[in-house]
Colleague: 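Handing you a structure now.
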Amino acid sequence: MLDIKFIRENKDLVKEAARKKYIDVDIDELIEVDDKRRELLSRVEKKRAEQNAVSDAISAGVTDRERNTLIDKMRILKEELQVEEEELKHTMSVWREIMLQVPNVPDMSVPEGNSDGDNKEIKVWGEKPTFSFTPKSHIDIMTHLDMADFKRGVKVSGFRGYFLKNDGALLSYAIWNYAQDFFLARGFTPMIVPAIVRRSNLYGTGHLPNEAEDLYKTQDEDFFAGTAEVATMGYYADEVIDGSKLPIKFLSFSPCYRREAGSHGKDTKGLIRVHEFFKIEQVILCEAAHDESVKWHEWLNRNAEEFIESLGIPYHTVINCGGDVGLSQVKKYDIELWVPMEKKYREISSASYFHDFQTRRFNIKYRDQNGKVQYAHSLNCTAIPTPRILVSLVENFQREDGSVVIPKVLRKYMNKDAIGTETPKAAA
RNA sequence: GGUGGGGUGGCUGAGGGGUCGAAGGCGCUGGUCUUGAAAACCAGAGUCCGUUCACGCGGACCGUGGGUUCGAAUCCCACCCCCACCGCCA
């Protein structure tokens, strides 16, 4: 949610934001509705002032005759007021609807473009593996090593279902444990957060109203969140935080659920795109200053990059173009890992900042050093998602004999150097 | 699932038709005292919207939305949320 005052004062900037993000919203109409809203508000307030004055006169004590005259006056006032209040109410509801569609203003550095194909590569790290043998897909590798069972996954869970087993399960635990050690050393507060959330939280993060299709919901009208960001941001909703506690840095773990409506034909096999997965998410609330947001945004993204570097997986980082930046975001980086069998980089992490767009919706404020209460800034960035990370991990580190080398940093969590060096057990 | 009780400022908590933007306490800001701090004492301070160059003025805000009334934090209705006890289950 942007401040209406900001929108009025920066009309062209906001129009430009909508254009760049390919969002269809009529800012001129919003301003017209807002003009009307202000005019009605002022008329209603004048009437109310009059009403208050007459009411004071009545309670001050007057003769019965005067009293009756005043009460008659009040009756007329009230009727007039009701008409205008009705009009104001209607205007307000139109106003609110448009306001929810107004996008946050993307940063200057966000490139033009309307799809992820227009994202701009800003960094490349690591060396893509060259294989002296015919490499296999993560599906084949993991099935062969009995690390995953996709067939039974679909049987039990349905389309996009999977089981992780043996070293597939252990590798997931290892990554979580390693990620915990890695990120907590950087000052985060660890949390395990709810995946089932009330709808208001999804309005807060900006996932609703426009992304309802991608959300599962319960028969009680609660929703399954697609990311721990949702519950973590809801944590301080309607609160005023002591400013000296900022920045607040959470490392949140949760299962994540996505219907993937609209991507039916994409990535239908394997672990790239699944309905149910796990993610550790970095979330920050900081002081309301652009420089602070930028600083922490870079820091968050760098954390994720360094984590991937420590695993030794080749990646590149892109800055997302206008059309690939969400409604709420100012700027977004994606880290994408090399997937040898696809000969493509695939997203593993996404770092965004929002200024006060989310915190306005959540009503998260803080009291600064001068005692002034204001909206905090919010940011988030993936720490690590499982099982998607396994795709790049096993494909990049596979060997000719079908085994997979375990990255050095994970070995102590796995108690071995490789998976499948002995003859793998045949899949049961 | 059943039955009660409740949602009031940064926090806690009184108030149950007009004198209530709302007592008291905590916390906060300034001052007195003190070498400094603490304590004590004194004083101050809510948020949002509109309007104004500004001092200011006006309005709204006691969970949300309706209603009753000349007038609602206070009475009525609906909804949302919280708590307690019982039942059921881990």
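Any value given below was found using the heavy atoms of this structure, including those in side chains, with hydrogens, waters and symmetry copies removed. Letters A, B, ... are given to chains in the order of the sequence lines, protein chains preceding strands, and every chain is numbered from 1.
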Colleague: To the nearest angstrom, how far is A/D238 atom CG from B/rU8 atom C1'?
Modeller: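 My rounded result for the distance is 15 Å.
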
Colleague: Does anything in residues 90-103 of chain A come within less than 4.0 Å of RNA chain B? Heavy atoms only, and list the residues if so.
Modeller: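 Residues of residues 90-103 of chain A that come under 4.0 Å of RNA chain B do not exist, since none gets that close.
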
Colleague: What distance, rounded to whole Å, do you find between the two P atoms, one in B/rU35 and one in B/rC20?
Modeller: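 One P to the other, the span is 44 Å.
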
Colleague: With a 6.0 Å cut-off on ring centres, are A/F182 and A/F307 close enough?
Modeller: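 Yes, close enough.
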
Colleague: What is the separation between atom CD on A/E50 and atom C1' on B/rC57, rounded to the nearest whole Å?
Modeller: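 The answer, rounded to whole Å, is 16 Å.
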
Colleague: Between A/D56 (CG) and B/rC20 (P), how many Å, whole number?
Modeller: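 The answer, rounded to whole Å, is 12 Å.
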
Colleague: In this structure, are over 12 heavy atoms from other groups packed under 6.0 Å from A/I122 atom CD1?
Modeller: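 Yes - once you tally the heavy atoms of other residues, nucleotides and ligands closer than 6.0 Å, there are more than 12.
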
Colleague: Determine yes or no for a side-chain-to-main-chain donor-acceptor pair under 3.5 angstrom, with A/Q398 supplying the side chain and A/V404 the backbone.
Modeller: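 No; zero donor-acceptor contacts below 3.5 Å.
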
Colleague: Is B/rG16 in the syn or the anti form, by the rule that syn lies within 90° of 0?
Modeller: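 Chi for B/rG16 falls in the syn range.
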
Colleague: Distance between the C1' atoms of B/rG6 and B/rU12, in whole angstroms?
Modeller: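 It comes out at 15 Å once rounded to the nearest Å.
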
Colleague: Can you list everything that forms a side-chain hydrogen bond (donor to acceptor under 3.5 Å, both in side chains) with A/N415? Sequence neighbours excluded, please.
Modeller: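 None.
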
Colleague: Parallel, tilted or perpendicular, judged at 30° and 60°: which one describes the rings of A/Y235 and A/F250?
Modeller: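 Plane angle over 60°, so perpendicular.
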
Colleague: Does anything in residues 92-108 of chain A pair up under salt bridge (Lys or Arg N to Asp or Glu O under 4.0 Å), and if so which pairs, sequence neighbours excluded?
Modeller: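 As it turns out, there is no salt bridge (Lys or Arg N to Asp or Glu O under 4.0 Å) pair with a partner in residues 92-108 of chain A once direct neighbours are skipped.
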
Colleague: Give me the distance, rounded to whole Å, that separates B/rA14 from B/rU52 when you measure between the C1' atoms they each carry.
Modeller: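 The answer is 39 Å between these two C1' atoms.
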
Colleague: For A/Y216, give me all partners under side-chain hydrogen bond (donor to acceptor under 3.5 Å, both in side chains), at least two apart in sequence or on another chain.
Modeller: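 For A/Y216 the side-chain hydrogen bond (donor to acceptor under 3.5 Å, both in side chains) partners, ignoring immediate neighbours, are A/H275.
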
Colleague: When the distance from CD of A/E86 to P of B/rG65 is rounded to whole Å, what number comes out?
Modeller: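 Result: 14 Å.
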
Colleague: So, is A/N52 near the phosphate of B/rG59, with a side-chain N or O under 4.0 Å from OP1 or OP2?
Modeller: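 Yes, within the criterion.
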
Colleague: Taking NZ from A/K47 and C1' from B/rA60, how many angstroms apart are they, rounded to a whole number?
Modeller: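 Distance, rounded to whole Å: 17 Å.
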
Colleague: Please give the distance between the P atoms of B/rA72 and B/rU68 as a whole number of Å.
Modeller: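 To the nearest whole Å, 11 Å.
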
Colleague: Hey, could you give me each pair passing side-chain hydrogen bond (donor to acceptor under 3.5 Å, both in side chains) that has a residue in residues 188-203 of chain A? Not counting sequence neighbours.
Modeller: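 Counting only pairs at least two positions apart or across chains, no side-chain hydrogen bond (donor to acceptor under 3.5 Å, both in side chains) contact touches residues 188-203 of chain A.
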
Colleague: I'd like the P distance from B/rC55 over to B/rG67, given in whole Å.
Modeller: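 So the two P atoms sit 37 Å from each other.
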
Colleague: In dot-bracket form, 5' to 3', how is RNA chain B paired? Count Watson-Crick and G-U wobble pairs only if both distances fall under 3.5 Å, and write | where the partner sits on another strand.
Modeller: ((((((((.[[[..)..(.....]]].(((((.......))))).((((((....)))))).[[[[[..)....]]]]])))))))....

Colleague: Produce a footprint string for nucleotides 66-80 of chain B: one letter per nucleotide, 5' end first; B if the base is under 4.0 Å from any protein heavy atom, S if only the sugar-phosphate is, - if neither.
Modeller: S--BBS---------

Colleague: Considering residues at least two apart in sequence or located in another chain, which fulfil the side-chain hydrogen bond (donor to acceptor under 3.5 Å, both in side chains) criterion with A/K365?
Modeller: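 With sequence neighbours excluded, A/K365 shows a side-chain hydrogen bond (donor to acceptor under 3.5 Å, both in side chains) to no residue whatsoever.
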
Colleague: What integer number of Å spans the C1' atoms of B/rG7 and B/rC79?
Modeller: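 Going atom to atom, C1' in each nucleotide, I get 14 Å.
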
Colleague: For A/E85, enumerate each residue passing the salt bridge (Lys or Arg N to Asp or Glu O under 4.0 Å) test, keeping only those at least two apart in sequence or located in another chain.
Modeller: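 For A/E85, the residues satisfying salt bridge (Lys or Arg N to Asp or Glu O under 4.0 Å) (neighbours in sequence not counted) are A/R48.
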
Colleague: Is the base of B/rC55 syn or anti, if syn means a glycosidic angle within 90° of 0?
Modeller: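 B/rC55: syn.
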
Colleague: Mind checking what makes side-chain hydrogen bond (donor to acceptor under 3.5 Å, both in side chains) contact with A/R258, not counting sequence neighbours?
Modeller: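 Testing A/R258 for side-chain hydrogen bond (donor to acceptor under 3.5 Å, both in side chains), a comparison that skips the adjacent residues, returns none.
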
Colleague: Can you give one letter per nucleotide of nucleotides 46-52 of chain B, going 5' to 3': B for a protein heavy atom under 4.0 Å from the base, S for sugar-phosphate only, - for none?
Modeller: ---SSS-

Colleague: A/W299 and ring-ring contact (aromatic ring centres under 6.0 Å, His included): which partner among A/F188, A/Y353, A/F183?
Modeller: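 The ring-ring contact (aromatic ring centres under 6.0 Å, His included) with A/W299 is passed solely by A/F188 among A/F188, A/Y353, A/F183.
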
Colleague: Taking the same atom, P, in B/rG31 and in B/rA38, what whole-Å distance lies between them?
Modeller: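 B/rG31 and B/rA38 have their P atoms separated by 12 Å.
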
Colleague: Of A/R48 and A/V240, whose nearest nucleotide on RNA chain B comes first from the 5' end?
Modeller: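 That would be A/V240.
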
Colleague: Is the centre of the A/Y236 ring less than 6.0 Å from the centre of the A/Y366 ring?
Modeller: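 Centroid distance A/Y236-A/Y366: not below 6.0 Å, so no.
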
Colleague: Roughly how many Å is it from CG in A/N363 to P in B/rG9, rounded to a whole number?
Modeller: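 Result: 12 Å.
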
Colleague: If the threshold is 4.0 Å, N to carboxylate O, is there a salt bridge linking A/K332 and A/D324?
Modeller: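 No, no charged N to carboxylate O under 4.0 Å.
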
Colleague: Quick one: ring pair (Phe, Tyr, Trp, His ring centres under 6.0 Å) pairs with a partner in residues 372-393 of chain A, sequence neighbours left out?
Modeller: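 Checked against ring pair (Phe, Tyr, Trp, His ring centres under 6.0 Å) - neighbours excluded - the pairs reaching residues 372-393 of chain A are A/H355-A/H377.
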
Colleague: Taking only the P atom of each, what is the distance from B/rU3 to B/rG87 in whole angstrom?
Modeller: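 That atom pair is separated by 15 Å.
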
